[in-house]
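Worksheet: the structure to be examined is printed underneath.
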2 protein chains.
Amino acid sequence: MLDRLSDKWVTLILAALGSGGGSHQPGADCSGEPRSMRYSQLLRLLVGVSQKMLTQTLRSLERDGLITRTATPTVPVTVAYELTDLGLSLHEMMRGLKTWAEEHMDDVLANRETHDTRVA
Amino acid sequence: MLDRLSDKWVTLILAALGSGGGSHQPGADCSGEPRSMRYSQLLRLLVGVSQKMLTQTLRSLERDGLITRTATPTVPVTVAYELTDLGLSLHEMMRGLKTWAEEHMDDVLANRETHDTRVA
DNA sequence: CTGTATCCACTGCGATACTG
DNA sequence: CAGTATCGCAGTGGATACAG
């Protein structure tokens, strides 16, 4: 469980889906947006993720009921991923962490510098 | 940064230090407790951690200014680890996550079961 | 007691190639 | 487009032994 929550890609996918990808047309009404994203969108957005990890992580999140996978049988196939309520609530938690990270990143970096020079 | 925050042992050490180890004498006054813990205490408390990982994690946390290391030159040496204010604030964040995990663990497990049987 | 140093097994992950 | 399958390596972490 802890392993799942503290997975790098889990965190990033949640963030991506929760913050709603930039897939909207200019001027479109995004209120109440379900914030769904395509497979390829995620692949592009999460720079550095391999197909393997993306698929793997997506599957585990679906299994855990944090996201839904919806395939519409167009040609070629279209697949949309979306946060469930559960996933959304987790995302809210994560946002708190993210905020903390952004606020205190400087402190941490400063501490590292101090610590390192004291050693060197 | 993300990697650091989403490290298993980081999370657990923070939890251990933040929740104050059970190192108190019965009836001792624990209010305003600095919640410090010894190396060996952590080693015992965090079941499954190797000396290597404990030391490594402790060092990185110290470097980031999240914990302090205090060695008192008794014989044998006594070393106490303690959360800094920064570390404490992170711990608070983590508690939120922990709470979420405890509240929704059941849902996740249920979803897994449903999902698995549907596949099988 | 509180570490450091070394070795090594394991596996997680990336890269690549292929399919519906 | 949205995956699955396979291979191979690198880095992570465990076990062990040693030291201040």
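Heavy-atom basis, side chains included; hydrogens, waters and symmetry copies ignored. Letters A, B, ... are given to chains in the order of the sequence lines, protein chains preceding strands, and every chain is numbered from 1.
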Between atom CD in Gln56(A) and atom P in dA2(D), what is the gap in whole Å? 19 Å

When Pro76(B) and Val79(A) are each assigned the nearest nucleotide of DNA chain D, the 5'-most assignment goes to Val79(A)

Given atom CG of Leu54(A) and atom C1' of dT4(D), what is their separation to the nearest angstrom? 13 Å

Report the distance from atom CH2 of Trp9(A) to atom P of dC13(C), rounded to the nearest whole Å. 10 Å

So, applying side-chain contact (heavy atoms from CB on, under 4.5 Å) with Leu83(B), which one of Leu14(B), Ile13(B), Leu66(B), Leu61(B) is it? Leu14(B)

Tell me the interatomic distance from Lys8(B), atom NZ, to dG13(D), atom P, rounded to whole angstroms. 9 Å

Respond yes when some side-chain nitrogen or oxygen of Tyr81(B) is under 4.0 Å from OP1 or OP2 of dG3(C), and no when none is. yes

Below the 4.0 Å mark, does dG3(C) have OP1 or OP2 next to a side-chain nitrogen or oxygen of Arg59(B)? yes

Write down the distance between CG (Leu58(A)) and C1' (dA2(D)), rounded to a whole number of angstrom. 11 Å

Backbone of Gly65(B) reached by a side-chain donor or acceptor of Thr84(B) within 3.5 Å: yes

Examine dC1(C): is either OP1 or OP2 under 4.0 Å from a nitrogen or oxygen in the side chain of Arg38(B)? Give yes or no. no

Spell out, as yes or no, whether a donor-acceptor pair under 3.5 Å connects the side chain of Ser19(B) to the backbone of Ala16(B). no

Check whether any side-chain N or O of Ser50(A) sits under 4.0 Å from OP1 or OP2 of dC13(C), and answer yes or no. no

Is the shortest side-chain N/O distance from Ser40(B) to OP1 or OP2 of dT2(C) below 4.0 Å? yes

Check the pair Leu46(A) / Met53(A) against side-chain contact (heavy atoms from CB on, under 4.5 Å), numbers first and verdict last. CA-CA 11 Å; Leu46(A) 307 179; Met53(A) 286 320 293; over 6 Å; no

Residue closer to the 5' end of DNA chain C, Gln51(A) versus Ala80(B) (nearest nucleotide): Ala80(B)

May I have the distance from Glu62(B) (atom CD) to dT2(C) (atom C1'), rounded to whole angstrom? 13 Å

Is the shortest side-chain heavy-atom distance between Arg35(A) and Leu17(A) below 4.5 Å? no

Arg69(A) atom CZ is separated from dA2(D) atom P, nearest whole Å, by 10 Å

Separation of Met53(B) atom CE from dA5(C) atom C1', in whole Å? 16 Å

